[in-house]
2 protein chains.
Amino acid sequence: MPEFFFDHKLYYTPIEFALEHIGGTWKMPILWRLQQKTLRYGELKKDIPHITHKMLASQLRELEEKGMITREAFAVVPPRVEYTITDKGRKAIPVIETIMKYGYEMMKEAGIEYPKR
Amino acid sequence: MPEFFFDHKLYYTPIEFALEHIGGTWKMPILWRLQQKTLRYGELKKDIPHITHKMLASQLRELEEKGMITREAFAVVPPRVEYTITDKGRKAIPVIETIMKYGYEMMKEAGIEYPKR
DNA sequence: CTGCATCCCCTGCGATACTG
DNA sequence: CAGTATCGCAGGGGATGCAG
């Protein structure tokens, strides 16, 4: 488990560095939606239950900065902004899938019924 | 992405539930060490660079509560306490491995040399 | 519709010190 | 050697309001 600096921040393990890209409550759910198709801000907002305006906006910005997604704004009124997953972002999909499956497994062990979608 | 209550806490996605078990800065590094063999508190402390006494103790307690590890205390002086991964804990290992590999991949993309451990 | 700023709370985590 | 308690800070994240 190496340790290193990146972008003025100290990381102790590759795990930490990985979670910098997909960690937090919302980054994985966002990437998960975008793997299927490009979505508008409002579509993401509707698709992801309980996410607040602030969190969606800030997480999208962070994902864009890290090159996980791209942002395309259209000069129309009302504004239309589309978010698309990048190749780099797609590399996270299998990881997210693994974590989700693990989550479902733990839910099952805990006796939590799969809410039907 | 279902939503449910468990243990007085609201979860929005299986991802959140998964991270409840292996999330945070230290749970994965701890489980990673224990997959090989049972370790004493002090051994873990030495093996995991930069972890503080407080965090190691608290994370061990949380992992124990979730049934990921077991704790065995020996009635000797000085005290001797050993931690062992459980079958449930072992289920997290492939997930951790996936995340670590992803972390290394991201490090490579970011131009970070593998510190030669 | 989308983005950005503000205020505020709560939690994770570090530092330190005391105990058996 | 291992555990617990206290203090304090920084950052994640919610609620709300304003702007183009």
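Since the model is a prediction, treat every value here as computed from it, not as a measurement.
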Query raised in the report: Which comes earlier along DNA chain C counting from the 5' end, the contact point of A/Pro78 or that of A/Ala57, where each point is its nearest nucleotide?
Result: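 Its nearest nucleotide lies further toward 5', so the answer is A/Pro78.
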For [X] and [N], is the shortest distance between a side-chain N/O and OP1 or OP2 below 4.0 Å?
| X | N | value |
| --- | --- | --- |
| B/Tyr41 | D/dT4 | no |
| A/Arg80 | C/dT2 | no |
| B/Arg61 | D/dG3 | no |
| A/Thr25 | D/dG13 | yes |
| B/Arg71 | D/dA2 | no |
| A/Thr52 | D/dG14 | yes |

Query raised in the report: On DNA chain D, nearest-nucleotide positions of A/Ile51 versus B/Val81: which is more 5'?
Result: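 It is B/Val81 whose nearest nucleotide is closer to the 5' end.
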Query raised in the report: Is A/Lys37 atom NZ crowded by more than 12 heavy atoms from other residues, nucleotides or ligands, each under 6.0 Å away?
Result: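 No, the 6.0 Å shell around NZ holds no more than 12 heavy atoms from other groups.
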Report task. Mind telling me whether B/Tyr102 and A/His21 have parallel, tilted or perpendicular rings, with 30° and 60° as the class edges? Result ->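 Perpendicular.
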[N] [atom2] sits how many Å from [X] [atom1], rounded?
| X | N | atom1 | atom2 | value |
| --- | --- | --- | --- | --- |
| A/Lys45 | C/dT2 | NZ | P | 11 Å |
| A/Lys54 | C/dC9 | NZ | C1' | 11 Å |
| A/Leu44 | C/dG3 | CG | C1' | 15 Å |

Query raised in the report: Does the ring center of A/His50 lie less than 6.0 Å from the ring center of B/Tyr11?
Result: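 Ring centroids of A/His50 and B/Tyr11 are no less than 6.0 Å from each other.
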**Report entry** B/His50 (side chain) and C/dC13 (base): donor-acceptor pair under 3.5 Å
**Finding:**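 There is none.
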